[in-house]
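Read the structure below first, then the notes.
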Amino acid sequence: MKLYQKAKLIRSKNAGPFMMTLDIIFPDRQSYEEAAASPALSRENVADLYGVPVEEMKRYLIPLAGAIKFSCPRRHPSGDFLDTDLYGAQQHRPLIQLEL
């Protein structure tokens, strides 16, 4: 099953000008627990997916919200000449097709 089929919301956004956060919110406890246990959503796999060193990728499990959150440094600071996504709102795309 693809992540987008299980999640209620998948989004990305800036966490300040130098960091990006990826939020995955699930509709129920069972979906959250299955996704949290999946190797596809491990810190190592998501770091590899985004081309970030594993030690720079942070993973947060938020069971009360039914959410999994990842945070990592942006490739370029928000608003930098080389930045292609000022708000970081288009960076969740690699997660959508992830197979759980």
Side-chain angles (χ1 to χ4, degrees):
M1 175 178 277
K2 304 274 188 196
L3 180 59
Y4 81 89
Q5 295 171 308
K6 188 170 281 280
K8 179 178 178 180
L9 175 70
I10 304 170
R11 68 181 177 197
S12 61
K13 58 186 176 180
N14 286 344
F18 305 107
M19 297 290 287
M20 170 183 66
T21 189
L22 304 159
D23 299 326
I24 310 164
I25 303 169
F26 297 91
D28 54 58
R29 183 68 173 208
Q30 180 180 349
S31 296
Y32 163 77
E33 289 177 359
E34 289 172 2
S38 172
L41 288 175
S42 69
R43 186 173 75 129
E44 294 79 11
N45 192 54
V46 175
D48 186 52
L49 191 64
Y50 280 87
V52 174
V54 70
E55 60 274 359
E56 292 183 3
M57 181 64 72
K58 306 297 183 215
R59 180 181 187 231
Y60 304 95
L61 299 176
I62 310 164
L64 290 176
I68 301 172
K69 178 180 189 142
F70 294 91
S71 293
C72 64
R74 291 177 53 107
R75 290 182 198 266
H76 304 286
S78 179
D80 184 81
F81 179 73
L82 296 172
D83 182 27
T84 59
D85 185 5
L86 181 65
Y87 301 108
Q90 301 298 317
Q91 303 305 308
H92 61 284
R93 188 175 183 277
L95 288 176
I96 291 173
Q97 294 294 328
L98 199 63
E99 190 74 40
L100 293 181

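We number each residue from 1, following the sequence as shown.
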Backbone N or O of Pro39 within a donor-acceptor pair of the Ser42 side chain at under 3.5 Å? yes
Can you tell me which residue pairs pass the salt bridge (Lys or Arg N to Asp or Glu O under 4.0 Å) test with a partner in residues 21-35, sequence neighbours excluded? Lys6-Glu34, Arg11-Asp23, Lys13-Asp23, Arg29-Glu33
Quick one: CZ on Arg75 to CG on Leu82, what's the gap to the nearest 0.5 Å? 12.0 Å
All heavy atoms of Asn45 vs all of Leu98, minimum pair found to be ND2-CD1, 4.0 Å
Using every non-hydrogen atom in the two residues, find where Leu100 and Ala40 come nearest and quote the distance to one decimal. CD2-CB, 4.1 Å
Give the C-alpha distance, both sets of side-chain angles, the deciding distance and a yes or no for side-chain contact (heavy atoms from CB on, under 4.5 Å) between Ile24 and Lys8. CA-CA 8 Å; Ile24 310 164; Lys8 179 178 178 180; over 6 Å; no
Run Leu22 and Tyr50 through side-chain contact (heavy atoms from CB on, under 4.5 Å) and show every step you take. CA-CA 11 Å; Leu22 304 159; Tyr50 280 87; 3.6 Å; yes
Atom pair SG/CE of Cys72 and Met20 - distance to nearest 0.5 Å: 3.5 Å
May I have all residue pairs that pass salt bridge (Lys or Arg N to Asp or Glu O under 4.0 Å) and include part of residues 88-100, sequence neighbours excluded? Lys2-Glu99
Distance-only check: which donor-acceptor pairs under 3.5 Å involve side-chain atoms of residues 55-68, not counting sequence neighbours?
{"unit_1": "Lys58", "atom_1": "NZ", "unit_2": "Glu55", "atom_2": "O", "d": "3.1"}
{"unit_1": "Arg59", "atom_1": "NE", "unit_2": "Leu41", "atom_2": "O", "d": "3.0"}
{"unit_1": "Arg59", "atom_1": "NH2", "unit_2": "Ala36", "atom_2": "O", "d": "2.7"}

Taking the side chain as every heavy atom from C-beta outward, state whether Leu95 and Leu49 have any pair of such atoms under 4.5 Å apart. yes
Is there a side-chain contact between Thr21 and Phe70 (heavy atoms, below 4.5 Å)? no
Same apolar cluster (I L V M F W Y, side chains within < 4.5 Å links), Tyr32/Tyr4: yes
Which pair of heavy atoms, one from Gly88 and one from Ser12, lies closest together, and at what distance? O-OG, 2.6 Å
How close do Val54 and Arg43 get, counting heavy atoms only, and between which atoms? O-NH1, 3.2 Å
Closest non-hydrogen atom pair, Ala7 against Pro27: C-CD, 4.3 Å
Counting heavy atoms not belonging to Glu44, are there more than 12 under 6.0 Å from its CD? yes
Apply side-chain contact (heavy atoms from CB on, under 4.5 Å) to the pair Asp85 and Gln91, showing each step before the final yes or no. CA-CA 8 Å; Asp85 185 5; Gln91 303 305 308; 2.9 Å; yes
